[in-house]
Peer 1: 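After the structure tokens below, expect a handful of questions from me.
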Amino acid sequence: MPRFTPEQVRRRQLVAGGLVLVLLLIVGGCTATVIGALRGGGDGEALSERAPFEADDAAMSVPATPGEAAVLGNLPGESMLMPGEVMGIDVSSHQQDIDWPQVSADGVGFAYIKATEGAGFTDSHFRTNWDGARAAGITPGAYHYFTLCSSGEKQAQDFLTAAPPVDSALPPALDLEFDGACEELPEASAVQAEIDAFTAVVEEAWGRRLVVYSSSEWRTHYGLPVTDSRPDWLFAAEKRPSQEDWAVWQLRFDGTVAGIDGPVDIDVARLETLREHAAIPEGEGALTYPVEEK
């Protein structure tokens, strides 16, 4: 004797067929998502294919330096802040643990914080310093120490993983100095190509031009075409930089600030110059610089 009537069998077949169809659609959708991610589409879309981050420059601000701030004692000679200038520092894990409320109480308004170096290295204190500075009312900015024998694009991706775009932060900064990563120094054209690759990726993500700092050895050996159309971060120990349009002035390596044990780099920033030079004109994309070999 059959367990089901013909009508019951037909209904069960229809239900089973519908379940199979739904299952196929689910599996197919998941597979498409995975494939899209692997190819750089959907949520896993490659950074270079994303729309540029629309930076809101009005969100970027730095607390004014009080007239009696202790940090002003780091200025050289009889130097004084001019209107629109603010005092800051730049730090890395070299400073170890920092008491950010004390740093803020000394009158520090901004801090450039080391995020990454080369490819595959994130500063061990970056996130702690970033969060600590923000909690203390200090405007943070992230910087990357560029290395000569690593892919510029890979360095950029590592930097963005550590320091994704934040509207209220200072523009990201690029530190160009000689390092021990190469047995021989690469040719200028090869180095500039990797720098261009780095800046293209980071500036697309942040929607702002990079601030560029360089050592005197770098400038002597490679020149500095990368600073064209970008904010300059210059070092001058005894007086203001001779270049008139600087955005950040590093005035000493051995400064003193409460909350930091040992010496620290002291800086002055011109916020309006920083905003102006970091802005990317509408329709202007990545910058490249042909370099003549010496």
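We use all heavy atoms of the structure for the numbers below, so side chains are in, but hydrogens, waters and symmetry mates are not.
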Peer 1: Would you check if Pro171 and Leu210 make a side-chain contact, meaning some heavy-atom pair closer than 4.5 Å?
Peer 2: no
Peer 1: Would you say the side-chain atoms of Ser79 pair up with the backbone N or O of Leu75, donor to acceptor, closer than 3.5 Å?
Peer 2: no
Peer 1: Are the side chains of Trp218 and Val191 in touch, meaning some heavy atoms are under 4.5 Å apart?
Peer 2: yes
Peer 1: Compare every heavy atom of Glu117 with every heavy atom of Thr147, then report the nearest pair and how far apart it is.
Peer 2: CG2-CG, 4.1 Å
Peer 1: Applying side-chain contact (heavy atoms from CB on, under 4.5 Å), run through Tyr112 and Asp267 and close with a yes or a no.
Peer 2: CA-CA 9 Å; Tyr112 264 110; Asp267 303 282; 5.8 Å; no
Peer 1: Treating Gln155 as the side-chain partner and Ser150 as the backbone partner, does any N or O pair qualify as donor plus acceptor under 3.5 Å?
Peer 2: yes
Peer 1: I'd like to check Glu203 versus Arg230 (side-chain heavy atoms, cut-off strictly below 4.5 Å). Are they in contact?
Peer 2: yes
Peer 1: Rounded to the nearest 0.5 Å, how far does OG1 of Thr288 lie from CD1 of Ile195?
Peer 2: 12.5 Å
Peer 1: Could you walk me through whether Val257 and Val108 pass the side-chain contact (heavy atoms from CB on, under 4.5 Å) test, one step at a time?
Peer 2: CA-CA 8 Å; Val257 172; Val108 171; 4.1 Å; yes
Peer 1: For the side chain of Thr199 and the backbone of Asp196, is there at least one donor-acceptor N/O pair under 3.5 Å apart?
Peer 2: yes
Peer 1: Tell me if a side-chain donor or acceptor on Arg275 pairs with a main-chain N or O of Met60 at a distance below 3.5 Å.
Peer 2: yes
Peer 1: Could you verify whether a donor N or O on one side chain and an acceptor N or O on the other, from Gln96 and His125, lie under 3.5 Å apart?
Peer 2: no
Peer 1: Can you tell me if Asp158 uses its side chain to pair, donor with acceptor, with the backbone of Ala119 under 3.5 Å?
Peer 2: no
Peer 1: Any ring pair (Phe, Tyr, Trp, His ring centres under 6.0 Å) involving residues 247-267? Give me the pairs, sequence neighbours left out, ordered by first then second residue.
Peer 2: Phe235-Phe253, Trp246-Trp249
Peer 1: I'd like to know if Glu238 pairs up with Arg252 as an ion pair, taking the criterion as any Lys NZ or Arg NE/NH1/NH2 lying under 4.0 Å from an Asp or Glu carboxylate oxygen.
Peer 2: no
Peer 1: Throw together a table of side-chain donor-acceptor distances under 3.5 angstrom for residues 63-72, partners on residues two or more places apart or in other chains.
Peer 2:
unit_1 : atom_1 : unit_2 : atom_2 : d
Thr65  : OG1    : Met87  : N      : 2.9

Peer 1: In the structure I gave you, are the side-chain heavy atoms of Val91 and Lys114 within less than 4.5 Å of one another anywhere?
Peer 2: no
Peer 1: CD1/Ile98 to CD1/Ile113 distance, rounded to the nearest 0.5 angstrom?
Peer 2: 7.5 Å
Peer 1: Are the side chains of Leu271 and Thr273 in contact, using a 4.5 Å heavy-atom criterion?
Peer 2: no
Peer 1: Could you check whether Glu284 pairs with Arg209 (Lys NZ or Arg NE/NH1/NH2 to Asp/Glu carboxylate O, under 4.0 Å)?
Peer 2: yes
Peer 1: Is the backbone N or O of Ile266 less than 3.5 Å from a side-chain atom of Asn74, with the two atoms forming a donor-acceptor pair by type?
Peer 2: no
Peer 1: Using a distance-only test with no angle check, is there a side-chain donor-acceptor pair under 3.5 angstrom linking Ser93 and Asp123?
Peer 2: yes
Peer 1: Please say yes or no: joined through hydrophobic side-chain contacts below 4.5 Å, possibly via intermediate residues, are Leu251 and Leu81 part of one cluster?
Peer 2: yes
Peer 1: Give the C-alpha distance, both sets of side-chain angles, the deciding distance and a yes or no for side-chain contact (heavy atoms from CB on, under 4.5 Å) between Leu234 and Val248.
Peer 2: CA-CA 6 Å; Leu234 304 175; Val248 182; over 6 Å; no
Peer 1: Examine Val212 and Tyr145 and state if one hydrophobic cluster contains both, with Ile, Leu, Val, Met, Phe, Trp and Tyr joined whenever side-chain heavy atoms are less than 4.5 Å apart.
Peer 2: no
Peer 1: Where is the tightest heavy-atom contact between Ala286 and Ala200, given as atom of each residue plus distance?
Peer 2: CB-CB, 3.7 Å
Peer 1: State, to 0.1 Å, how close Pro231 and Ala278 come at their nearest heavy-atom pair, and which atoms those are.
Peer 2: CG-N, 3.7 Å
Peer 1: Side chains of Leu170 and Thr139: closer than 4.5 Å at any heavy-atom pair?
Peer 2: yes
Peer 1: From His277 NE2 over to Arg270 CZ, what is the distance, rounded to the nearest 0.5 angstrom?
Peer 2: 9.5 Å
Peer 1: Does Asp228 offer a backbone N or O that forms a donor-acceptor pair with the side chain of Tyr289 under 3.5 Å?
Peer 2: yes
Peer 1: Quick one, Ile260 and Ile89 - any side-chain contact, counting heavy atoms below 4.5 Å?
Peer 2: yes
Peer 1: Can you tell me how the ring of Trp130 sits relative to the ring of Phe126, calling it parallel under 30°, perpendicular over 60° and tilted otherwise?
Peer 2: tilted
Peer 1: For Arg134 versus Pro140, what's the shortest heavy-atom pair and its separation?
Peer 2: CG-CG, 3.4 Å
Peer 1: If I take atom CD from residue Gln157 and atom OG from residue Ser151, how far apart are they, to the nearest 0.5 angstrom?
Peer 2: 9.0 Å
Peer 1: Side chains of Lys239 and Pro76: closer than 4.5 Å at any heavy-atom pair?
Peer 2: no
Peer 1: Which atom pairs, one a donor and one an acceptor, fall under 3.5 Å between side chains of residues 174-186 and the rest of the protein, sequence neighbours left out?
Peer 2:
unit_1 : atom_1 : unit_2 : atom_2 : d
Asp179 : OD1    : Leu148 : N      : 3.2
Asp179 : OD2    : Ala181 : N      : 2.6

Peer 1: List the steps, then state whether salt bridge (Lys or Arg N to Asp or Glu O under 4.0 Å) holds for Glu194 with Lys154.
Peer 2: CA-CA 10 Å; Glu194 297 302 338; Lys154 179 62 169 65; over 6 Å; no
Peer 1: Determine whether more than 12 heavy atoms belonging to other residues, nucleotides or ligands lie under 6.0 Å from atom CG of Asp245.
Peer 2: yes
Peer 1: How close do Pro172 and Val202 get, counting heavy atoms only, and between which atoms?
Peer 2: CG-CG1, 3.9 Å
Peer 1: Verify, without hydrogens or angle tests, whether Gln95 (side chain) and Ser92 (backbone) share a donor-acceptor contact under 3.5 angstrom.
Peer 2: yes
Peer 1: Closest heavy-atom contact between Ile280 and Gly207?
Peer 2: CD1-C, 3.7 Å
Peer 1: Group every Ile, Leu, Val, Met, Phe, Trp and Tyr by side-chain heavy-atom contacts under 4.5 Å, then state whether Phe146 and Val201 land in the same group.
Peer 2: yes
